[in-house]
J.: 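Mind having a look at this structure? Questions to follow.
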Amino acid sequence: MKYNPSIIEKKWQKKWADKKVFKAKIDYNKPKYYVLEMFPYPSGAIHMGHVRNYTLGDLVARYKKARGFNVLHPMGWDAFGLPAENAAIENKTLPSKWTYSNIESMKSQLTQMGLSYDWDRELTTCNPDYYKFEQKMFLDFFKAGIAYKKETLVNWDPIEQTVLANEQVVDGKGWRSGAEIEKKKMKGWFLKISDFADDLLEELKNLKDWPDRVKIMQNNWIGKSDGATINFSIDNSDEKIEIYTTRPDTIFGATFIAISPLHPLASKIAESDEEALNFINFCQKQSTKEADIEKAEKFGYETTLLVKHPFKEKTYLRLFIANFILMDYGTGAIFGCPAHDQRDYDFAKKYNIDIIPVIETKEKLPYIGDGIHINSEFLNGLDTKSAIGRSIKELEKLKIGKETITYRIRDWGVSRQRYWGCPIPIIYCKKCGEVPVLEEDLPVNLPEDINFDIKGNPLDAHPTWKHTKCPNCNQPAVRETDTFDTFFESSWYFARFTDLNPKQAFSRDALDYWMPVDQYIGGVEHAVMHLLYSRFFMRALKSINMVDFSEPFVSLQTQGMVCHQTFKTKNSNQWVFPSDVSNNKNEFFHLETNEPVIPGRTEKMSKSKKNVVDPQKIIDSFGADTARFFMLSDSPPDRDMEWSDSGVEGSWRFLNKLWKFVHNLEVINVKTSLPSKLSNQNKELLTDLNIAIQEITKSIESFTFNIAVASIRTLFNKLSSYKVLTDEDKFYFVVCYK
RNA sequence: GCGAGCGUGGCGGAAUGGUAGACGCACUGGACUUAAAAUCCAGAGUCCGAUAAGGACGUGGGGGUUCAAGUCCCCCCGCUCGUACCA
């Protein structure tokens with residue numbers, strides 16, 4: 001009998017579905033195990049990254065089920081987002097239509113992959129049945145003071161009259177219009193993640209089953225630093241500048257003050273100083289991306305003001321407005337100590353500012369390290385640590401400064417000027433201000449009849465949707481037209497999976513039983529934002545008594561990228577799909593045009609470089625099991641892997657061999673105890689079996705599935721070397737658990 | 001720029017600080033076949049040597065710790081992810 005995956009896989013998939021084999025139910029007599037893969041954005045078709053992610057999760061789910069756990073393994077759709085709007089504009093369709101049809105086709109593909117999901121728990125975030133609960137959560141956050149409104153900077157496209165995402169800004173220009181992008185101040189909703197910063201940081205220590213690199217990245221992202229704030233006085237003025245520094249010990253080396261272009265004082269200066277205004281406007285043209293800001297050339301504008309040194313009589317510091325000072329970090333102002341900071345040093349050289357060394361060193365300046373203080377009056381002779389302590393004491397004595405802890409992490413801006421997202425349930429009333437939508441009026445549904453031909457936010461342009469009445473005074477009022485960041489939906493979906501209760505976000509007993517997620521698996525690109533937002537969200541929900549745990553994911557595994565070789569035509573220099581390339585003894589040609597093709601670097605699969613392999617084609621020609629087997633066998637999950645056609649064929653051949661072997665076996669005995677007499681062959685076989693079981697178990701538990709596959713192949717090679725199976729040489733499969 | 005990770009044969013990768021290259025892919029030879037494919041058996045890190053015996057070299061580059069380094073430490077190079085409005 002020939003191995004025919006299309007028949008076998010369909011047969012079993014039907015059986016699983018009919019018998020609801022993977023339906024999860026609360027069972028207090030069994031240990032529970034909740035395994036979850038990061039849910040996909042419904043982009044249209046599954047790609048190899050999905051195949052990898054869900055194969056890894058499926059292995060864990062099936063393994064734990066086999067080991068006697070009550071397994072919850074759900075799947076859903078992260079369905080709001082920017083691509084749906086782009087597709088709607090390009091294809092003249094509606095985001096909802098596009099999204100739901102994508103979900104349909106992707107669900108069918110996941111089903112073909114034979115994944116062990118409980119489809120009865122499927123959820124879709126763009127459905128009001130889902131997002132109505134997060135509108136309620138937002139209102140509760142608002143009432144609890146966790147949500148607030150403040151001004152922020154966005155990328156403004158003056159031609160499209162719309163806010164652009166960072167991704168839509170290419171080299172400072174709008175991706176569609178090509179217009180120079182401006183920074184624009186806009187009010188938006190924020191969640192106070194900073195209030196939870198310390199706990200998010202401290203609890204990282206207890207996440208024993210998270211990869212160290214993810215914890216380190218989150219630690220650095222939160223960026224707790226211990227320093228001091230110092231109030232400087234401006235000469236001939238009542239004005240003060242509060243600065244933040246982590247090195248108050250270098251105060252005697254301070255030779256200038258720099259403030260952010262967005263600092264209130266900068267605006268004030270600009271009122272009477274046209275050059276300052278020009279400089280601030282120039283800075284407004286800079287990118288909002290951190291990487292761009294840090295890489296950009298450092299510029300400063302020297303104001304006419306001088307700042308008094310707090311400890312040195314008649315010493316004045318020059319005051320600059322500088323493009324590299326971030327308003328979001330510390331106080332938006334610093335003192336510069338060029339002798340002991342690289343950036344301050346570069347800046348001082350450029351603008352001819354004094355450089356005063358205050359730490360003894362034989363190395364050349366700037367010297368960043370610790371040491372004994374000089375030129376520093378009461379700090380002279382002290383080491384760095386003591387000098388920091390002493391300087392803070394002196395500042396406190398003069399009541400001009402104090403020890404201050406700051407965090408790099410900024411509050412989470414959740415407002416997006418987009419149509420395809422969850423409406424923010426706020427109403428603006430001329431008389432009453434920001435008014436929460438009444439709970440009984442939820443959900444605020446997203447209208448489907450929208451027009452993308454009008455410039456700007458379609459929600460804002462909708463003829464009727466935003467017009468409503470104030471819940472307070474019943475006067476005409478307008479709705480908030482911003483929608484939520486899509487990270488909002490993905491910050492709590494894992495908890496919603498525990499029970500799709502139509503009346504409330506969570507059922508307490510289901511939460512108590514299933515949460516937290518025992519094993520979460522997804523791409524490493526989510527190491528900080530999604531995972532940190534989810535950790536924050538649970539804490540925020542806990543603070544309003546909606547959940548009683550704060551860590552959503554006990555164990556985390558991050559997977560690497562799926563890569564493939566790239567191909568370009570030799571003459572026309574165009575990217576070519578691997579499926580369009582023919583290989584003739586390592587000479588490559590385009591299948592249709594016969595043009596020579598040059599193989600390039602192996603890179604992450606991406607549509608733009610066409611180095612993608614469609615999982616559907618693999619499933620159609622080899623079956624899902626081959627695709628899954630190869631996924632597991634090629635590379636350890638956390639490393640980038642290369643998809644190779646020959647590797648797939650190798651997996652295909654192995655499954656064929658395995659199939660043939662199993663079907664030619666005449667006797668398989670399963671016994672729980674050893675027979676008294678064993679042939680030498682059986683003894684050897686038992687040893688091999690037990691070695692394999694031990695190694696495979698170890699490899700699965702340690703998430704090195706490629707080694708488990710290698711062990712399976714080793715065992716199989718031994719098994720298949722026994723050619724003749726007589727009645728006396730029955731196989732005895734002995735399962736040993738520790 | 002900053003933060004994090006990775007780098008081992010022709011390729012994917014294996015290796016509690018202890019025989020580098022498990023397992024697989026590709027390759028080569030053989031068996032089977034009229035032939036090919038498939039399948040089965042065998043070989044193989046690289047270089048020198050004769051296709052032997054034997055030897056030298058070998059885990060991105062340079063240095064260090066150690067009886068012993070792919071593994072630990074320092075410096076450098078390259079690639080990948082993230083960098084707050086892509087998801």
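Letters A, B, ... are given to chains in the order of the sequence lines, protein chains preceding strands, and every chain is numbered from 1. Every value quoted in this text rests on a predicted model; they were computed, and no experiment measured them.
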J.: Output the single nucleotide from B/A84, B/U39, B/C85 whose closest atom is nearest the side chain of A/Arg410.
T.: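 Minimum distance to the A/Arg410 side chain belongs to B/A84.
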J.: Applying the Watson-Crick and G-U wobble criteria at under 3.5 Å, what pairs with B/U39? Answer none if nothing qualifies.
T.: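 Because both required distances fall under 3.5 Å, B/U39 counts as paired with B/A31.
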J.: Got a sec: does the NZ of A/Lys349 have more than 12 other heavy atoms crowding it under 6.0 Å?
T.: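 Count not over threshold, so no.
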J.: Is it the case that B/C86 (base atoms only) and A/Gln168 (side chain only) share a donor and an acceptor within less than 3.5 Å, ignoring hydrogens and angles?
T.: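 Check fails, no donor-acceptor contact within cut-off.
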J.: Using a 4.0 Å heavy-atom cut-off across all strands, classify A/Phe487 as base, sugar-phosphate, or nothing.
T.: base
J.: Is the distance between the ring centroids of A/Tyr329 and A/Tyr407 under 6.0 Å?
T.: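 Here the rings of A/Tyr407 and A/Tyr329 have centres that are no less than 6.0 Å from each other.
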J.: Within the structure shown, what part of the strands sits under 4.0 Å from A/Arg713 by heavy-atom distance: base, sugar-phosphate, or nothing?
T.: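 Sugar-phosphate contact only.
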J.: For the P atoms, the ones on B/G63 and on B/U71, what distance do you get once it is rounded to whole angstrom?
T.: 14 Å
J.: Pick base, sugar-phosphate or nothing for A/His526, based on heavy-atom distances below 4.0 Å to the nucleic acid.
T.: base
J.: Once you apply a heavy-atom cut-off of 4.0 Å, does A/Val528 come out as touching a base, just sugar-phosphate, or nothing?
T.: nothing
J.: Calculate the interatomic distance between A/Arg408 atom CZ and B/A4 atom P; express it in whole Å.
T.: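 A/Arg408 atom CZ is separated from B/A4 atom P by 11 Å.
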J.: Name the residue closer to the 5' end of RNA chain B, choosing between A/Ala291 and A/Ile409 according to the nucleotide with the nearest heavy atom.
T.: A/Ala291
J.: Between B/G3, B/G13, B/A84, which one does the side chain of A/Asn166 approach most closely?
T.: B/A84
J.: Which base, if any, makes a Watson-Crick or G-U wobble pair with B/A22, both distances under 3.5 Å?
T.: none
J.: Identify which nucleotide among B/C23, B/C85, B/G13 has an atom closest to any side-chain atom of A/Asn706, counting heavy atoms from C-beta outward.
T.: B/G13
J.: Taking the same atom, P, in B/A26 and in B/G21, what whole-Å distance lies between them?
T.: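 After rounding to an integer number of Å, I get 22 Å for this pair.
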J.: Side chain of A/Pro83 only, heavy atoms from C-beta on: which candidate in B/G12, B/A4, B/C86 is closest?
T.: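 The answer is B/C86.
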J.: B/G9 and B/G58: how far apart are their C1' atoms, nearest whole angstrom?
T.: 10 Å
J.: Mind running side-chain hydrogen bond (donor to acceptor under 3.5 Å, both in side chains) on A/Asp346 and A/Gln342 for me, showing each step along the way?
T.: CA-CA 6 Å; A/Asp346 297 341; A/Gln342 184 68 53; 3.1 Å; yes
J.: Could you check whether the rings of A/Trp420 and A/Phe80 sit parallel, tilted or perpendicular, using 30° and 60° as the cut-offs?
T.: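 The rings of A/Trp420 and A/Phe80 stand perpendicular, inter-plane angle above 60°.
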J.: Applying a 4.0 Å non-hydrogen cut-off, can you work out what A/Val163 is touching in the nucleic acid: base, sugar-phosphate, or nothing?
T.: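 Base, at least one base heavy atom under 4.0 Å.
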J.: Grab the CZ-P distance between A/Arg639 and B/G5 for me, whole Å please.
T.: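 Value for this atom pair: 15 Å.
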J.: What integer distance in Å separates A/Lys718:NZ from B/G24:C1'?
T.: 16 Å
J.: Would you mind pulling out the nucleotide paired to B/U65, Watson-Crick or G-U wobble, both distances under 3.5 Å?
T.: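 Answer to the pairing question: none, since B/U65 forms no Watson-Crick or G-U pair.
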J.: Evaluate the salt bridge (Lys or Arg N to Asp or Glu O under 4.0 Å) criterion for residues A/Lys350 and A/Glu297: first the C-alpha distance (whole Å), next the side-chain angles of each, then the deciding distance (0.1 Å), finally the verdict.
T.: CA-CA 11 Å; A/Lys350 186 167 182 176; A/Glu297 194 183 341; 2.8 Å; yes
J.: Quick one: label A/Met38 by what it contacts on the DNA or RNA (base, sugar-phosphate, nothing), any heavy atom closer than 4.0 Å.
T.: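 Contact class for A/Met38: none.
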J.: For A/Trp412, answer base if it contacts any base atom (sugar-phosphate contacts may also be present), sugar-phosphate if it contacts only those atoms, and nothing otherwise; contact means non-hydrogen atoms under 4.0 Å.
T.: nothing
J.: Which part of the nucleic acid, if any, lies within reach of A/Ser415 when heavy atoms closer than 4.0 Å are counted: base, sugar-phosphate only, or nothing?
T.: base
J.: Of the nucleotides B/U39, B/G82, B/C86, which one has an atom closest to the side chain of A/Trp221?
T.: B/G82
J.: Taking only Lys NZ, Arg NE, NH1 and NH2, and the carboxylate oxygens of Asp or Glu, determine whether A/Lys192 and A/Asp411 approach each other closer than 4.0 Å.
T.: no
J.: Roughly how many Å apart are B/C11 and B/A22, using the P atom of each and rounding to a whole number?
T.: 15 Å
J.: Take atom CZ of A/Phe629 and atom C1' of B/C23, then tell me their distance rounded to the nearest Å.
T.: 10 Å
J.: If the threshold is 4.0 Å, N to carboxylate O, is there a salt bridge linking A/Lys224 and A/Asp198?
T.: yes
J.: Would you mind reading off the distance between A/Asp328 atom CG and B/C85 atom P, rounded to a whole angstrom?
T.: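 Result: 11 Å.
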J.: So, OP1 or OP2 of B/G24: does either fall under 4.0 Å of a side-chain N or O from A/Asn717?
T.: yes
J.: Within the structure shown, what part of the strands sits under 4.0 Å from A/Arg343 by heavy-atom distance: base, sugar-phosphate, or nothing?
T.: nothing
J.: Does B/G9 sit syn or anti, given that only angles within 90° of 0 count as syn?
T.: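 With its glycosidic angle within 90° of zero, B/G9 counts as syn.
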J.: Specify the separation, in whole Å, of atom CG of A/Asp638 and atom P of B/G5.
T.: 12 Å
J.: Partner of B/C81 by Watson-Crick or G-U wobble geometry, both contacts under 3.5 Å, or none?
T.: B/G3
J.: Hey, is the side chain of A/Thr714 poking within less than 4.0 Å of OP1 or OP2 on B/C23, counting only N and O atoms?
T.: no
J.: Quote, to the nearest angstrom, the C1' distance that separates B/U28 from B/A44.
T.: 8 Å
J.: If pairing requires Watson-Crick or G-U wobble contacts with both distances under 3.5 Å, which nucleotide is the partner of B/A56?
T.: B/U46
J.: Which comes earlier along RNA chain B counting from the 5' end, the contact point of A/Lys295 or that of A/Gly413, where each point is its nearest nucleotide?
T.: A/Lys295
J.: Using the C1' atom as the reference point in each nucleotide, state the distance between B/U51 and B/G61 in Å, no decimals.
T.: 35 Å
J.: Quick one: pull up NZ in A/Lys183 and CG in A/Asn155 and give me the separation to the nearest 0.5 Å.
T.: 9.0 Å
J.: What I want to find out is whether A/Glu480 reaches A/Lys187 closely enough, with some N-O distance under 4.0 Å, to be called a salt bridge.
T.: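 Salt bridge: no.
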J.: Students often get this wrong, so: under 4.0 angstrom with heavy atoms, is A/Asp78 touching a base, only sugar-phosphate, or nothing?
T.: sugar-phosphate
J.: Below the 4.0 Å mark, does B/A38 have OP1 or OP2 next to a side-chain nitrogen or oxygen of A/Arg653?
T.: no
J.: What is the distance from CD of A/Glu290 to P of B/U83, rounded to the nearest Å?
T.: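 Computing the A/Glu290:CD to B/U83:P distance gives 10 Å.
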J.: Describe the nucleic acid contact of A/Arg213 in one word from base, sugar-phosphate, nothing, applying a heavy-atom distance below 4.0 Å.
T.: sugar-phosphate
J.: Tell me the partner of B/A87, counting only Watson-Crick (N1-N3 plus N6-O4 or O6-N4) or G-U wobble (N1-O2 and O6-N3) with both under 3.5 Å; none if nothing fits.
T.: none
J.: Please report the distance separating the P of B/U65 from the corresponding atom of B/C27, rounded so that it comes out in whole Å.
T.: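 Per the computed distance, 46 Å lies between those P atoms.
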J.: Got a salt bridge between A/Arg408 and A/Glu290, using NZ or NE/NH1/NH2 to carboxylate O under 4.0 Å?
T.: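 Salt bridge flag = yes for A/Glu290 with A/Arg408.
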J.: From the list B/C86, B/A87, B/A84, which nucleotide is the closest neighbour of the side chain of A/Thr486?
T.: B/A87
J.: Under 4.0 Å, heavy atoms only, any strand: does A/Pro211 hit a base, just the sugar-phosphate, or nothing?
T.: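 It contacts nothing in the nucleic acid.
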J.: Rounding to an integer number of Å, can you tell me how far A/Gln218 CD sits from B/G3 P?
T.: 17 Å
J.: Can you tell me how far C1' in B/G70 sits from the matching atom in B/A14, rounded to whole Å?
T.: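 Their C1' atoms lie roughly 11 Å apart.
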